[in-house]
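All chains are named by letter (A, B, ...) in the order of the sequence lines, taking the proteins before the strands, and each is independently numbered beginning at 1.
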Number of protein chains: 2
Amino acid sequence: MYRIGELAKQCEVKADTLRFYEKHGLLSPSMRSDSGYRLYSEQDAERLRFILRAKAVGFTLSEITELLSIDLDKSNWACADVKGMVDIKLANVEEKIAELNHFRVSLQRLSDACCGGPESAEHCSILEALESNVEVKCENHSHDHGETEYKTSCKLKG
Amino acid sequence: MYRIGELAKQCEVKADTLRFYEKHGLLSPSMRSDSGYRLYSEQDAERLRFILRAKAVGFTLSEITELLSIDLDKSNWACADVKGMVDIKLANVEEKIAELNHFRVSLQRLSDACCGGPESAEHCSILEALESNVEVKCENHSHDHGETEYKTSCKLKG
DNA sequence: ATAAACCTTAGAGTTAAATCTAAGGTCAAG
DNA sequence: CTTGACCTTAGATTTAACTCTAAGGTTTAT
Ligand SMILES: [Zn+2]
Ligand SMILES: [Zn+2]
Ligand SMILES: [Zn+2]
Ligand SMILES: [Zn+2]
């Protein structure tokens, strides 16, 4: 039997988190000491590890609640049900990745367009791109820093 | 001059959102009508579009506040400052993508390991993977669905 | 016996970006 | 002159997953 702090340390979470999981029905200690301290069994610890593993692959706590209830009642569920949950999650994650990739490409384009030098930002391509609607398409400045290093040739979007 | 609802519709946000931006110092209408209605100028509208463009590339509202203050005072900032912000954001986004990719790979592995059939989940590889610490490494079941389609050969991690 | 480290509870606070509610004022059309 | 669409405000609620606070009880070691 572990006290809350012991289990927390073992699994690298805060004791608060275990109380939170209890309040939300994910994990209750199977005993209390005479003085009211939570006492977790090895089974409880395993359940916690299940939760943390599911969290590590991206499930939310309410999805994990569902997974736990399936896990405790496996014979009444089909592989299809379980795989369905994973596949929905997978689709969510892929969607999120796609969205972030969109951000990434836009930010990269902005970054590439700016010299990043110590010169005044008065003609900074990044600010100009945000001011106007024009997407940045090439990696040069409108302003001239007096260095040949920065080309001013720019093929704007055809 | 646009009233709040007009500008909101034009830019496809809710009027609430404009009030929210005002409360948080991102965008205030440059006038009020006699009766107290907000009146936005074309300049205000442009500022809103700046905000929305910055949002579209992944900046948070507080980052946008910073960008706006730079934009209004460009000569006191360097390209380095602006590019720095973009690059920090880019790094954040890439970090998030990496994390989600981790989720994606794990979920894909789980999904691949499960037949997804109508059979009982009693030996579902997904649940087994979450119960035990073993990462799923191959795409077969421990249980046998009586179909030769599902191989039982599985090279577990060496 | 007393201090440190641990535990208990209920409930509030955090973060971001809105979104909603209530109670009321304004404006154009018919 | 009334309906309906629109506007005003302050403040509460939402979502997720904690995290913290206050006020107190327990255990363990010295
Ligand atoms: Zn520059
Ligand atoms: Zn620049
Ligand atoms: Zn199966
Ligand atoms: Zn399965």
Side-chain angles (χ1 to χ4, degrees), chain A residues 1-40 44 48 50-68 88-89 92-93 95-96 99-100 103, chain B residues 1-40 44 48 50-68 88-89 92-93 95-96 99-100 103:
Chain A
M1 292 303 212
Y2 313 99
R3 282 192 309 183
I4 194 168
E6 290 165 353
L7 181 58
K9 184 169 290 181
Q10 192 189 100
C11 291
E12 300 178 280
V13 297
K14 295 257 169 76
D16 271 340
T17 303
L18 297 184
R19 286 190 205 100
F20 177 81
Y21 287 172
E22 183 175 347
K23 187 158 59 180
H24 288 75
L26 281 98
L27 175 68
S28 297
S30 40
M31 283 199 60
R32 291 287 183 138
S33 75
D34 289 348
S35 53
Y37 285 18
R38 290 168 177 82
L39 294 174
Y40 295 88
D44 296 335
L48 174 58
F50 183 106
I51 292 167
L52 298 179
R53 266 177 232 121
K55 235 167 74 69
V57 300
F59 285 103
T60 65
L61 296 191
S62 75
E63 288 161 345
I64 292 171
T65 301
E66 213 176 332
L67 280 172
L68 282 165
I88 284 169
K89 196 69 206 172
N92 290 348
V93 167
E95 201 176 323
K96 233 167 200 225
E99 189 192 3
L100 285 171
F103 290 164
Chain B
M1 290 302 210
Y2 312 98
R3 282 190 310 181
I4 195 169
E6 290 165 352
L7 181 58
K9 183 169 290 181
Q10 191 188 102
C11 291
E12 297 178 281
V13 296
K14 295 256 170 73
D16 271 339
T17 304
L18 296 183
R19 288 191 204 98
F20 177 81
Y21 287 171
E22 183 174 348
K23 187 158 59 182
H24 289 76
L26 281 97
L27 175 68
S28 297
S30 41
M31 282 199 59
R32 291 285 183 138
S33 75
D34 290 348
S35 53
Y37 285 16
R38 290 168 177 81
L39 294 175
Y40 295 89
D44 296 334
L48 175 57
F50 183 106
I51 293 168
L52 298 178
R53 266 177 232 119
K55 234 168 75 69
V57 301
F59 285 104
T60 66
L61 296 190
S62 76
E63 289 162 344
I64 293 172
T65 302
E66 211 176 333
L67 279 173
L68 282 165
I88 284 169
K89 196 70 205 171
N92 291 347
V93 167
E95 201 176 323
K96 226 156 209 250
E99 188 191 4
L100 285 171
F103 290 164

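- Between A:Lys96 and B:Lys96 there is no side-chain heavy-atom pair separated by less than 4.5 Å.
- In this structure, B:Asn92 places its CG atom 13 Å from P of C:dA16, rounding to the nearest Å.
- Both A:Ala15 and B:Phe59 lie close to DNA chain C; mapped to their nearest nucleotides by heavy-atom distance, the more 5′-ward contact belongs to A:Ala15.
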* Between protein and nucleotides 19-30 of chain D, map the contacts as a letter string: B base, S sugar-phosphate only, - none, heavy atoms under 4.0 Å, written 5' to 3'. => BB----BBS---
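- If you measure from atom CD1 of B:Ile64 to atom C1' of C:dA16, you get 12 Å, rounded to the nearest angstrom.
- Considering CG of B:Leu18 and NZ of B:Lys23, their distance stands at 13.0 Å, rounded to 0.5 Å.
- Checking the phosphate oxygens (OP1, OP2) of C:dA18, a side-chain nitrogen or oxygen of B:Tyr21 falls inside 4.0 Å.
- Classification of A:Glu22 and A:Arg32 as a salt-bridged pair holds, one side-chain N sitting under 4.0 Å from a carboxylate O.
- Look at CG on A:Leu7: it is 15 Å from P on C:dC6, rounded to the nearest Å.
- If you take NZ of B:Lys96 and P of C:dA16, they are 12 Å apart, rounded to a whole angstrom.
- Rounded to whole angstrom, the span from the CD atom of A:Glu22 across to the C1' atom of C:dC7 amounts to 13 Å.
- For the pair B:Lys9 NZ and D:dA5 P, the computed distance is 11 Å after rounding to whole Å.
- Residues B:Leu27 and B:Ile51 share a closest heavy-atom pair of CB-CD1, 4.1 Å.
- A straight line from CD of A:Gln10 to P of C:dC6 spans 16 Å, rounded to a whole angstrom.
- For B:Glu95, the CD atom sits in a loose shell: 12 or fewer heavy atoms of surrounding residues, nucleotides or ligands are nearer than 6.0 Å.
- Between A:Thr60 and A:Lys89, some side-chain heavy-atom pair lies under the 4.5 Å cut-off.
- Residues A:Arg38 and A:Tyr40 come closest through the heavy atom pair CD-OH, 3.4 Å.
- Side-chain nitrogen and oxygen atoms of B:Lys55 include at least one within less than 4.0 Å of the OP1 or OP2 phosphate oxygen of C:dA18.
- Along DNA chain C, the nucleotide nearest to B:Leu61 and the one nearest to A:Arg32 differ in position, and the one closer to the 5' end is contacted by A:Arg32.
- Between B:Ile4 atom CD1 and C:dT26 atom P there is a gap of 17 Å when expressed in whole angstrom units.
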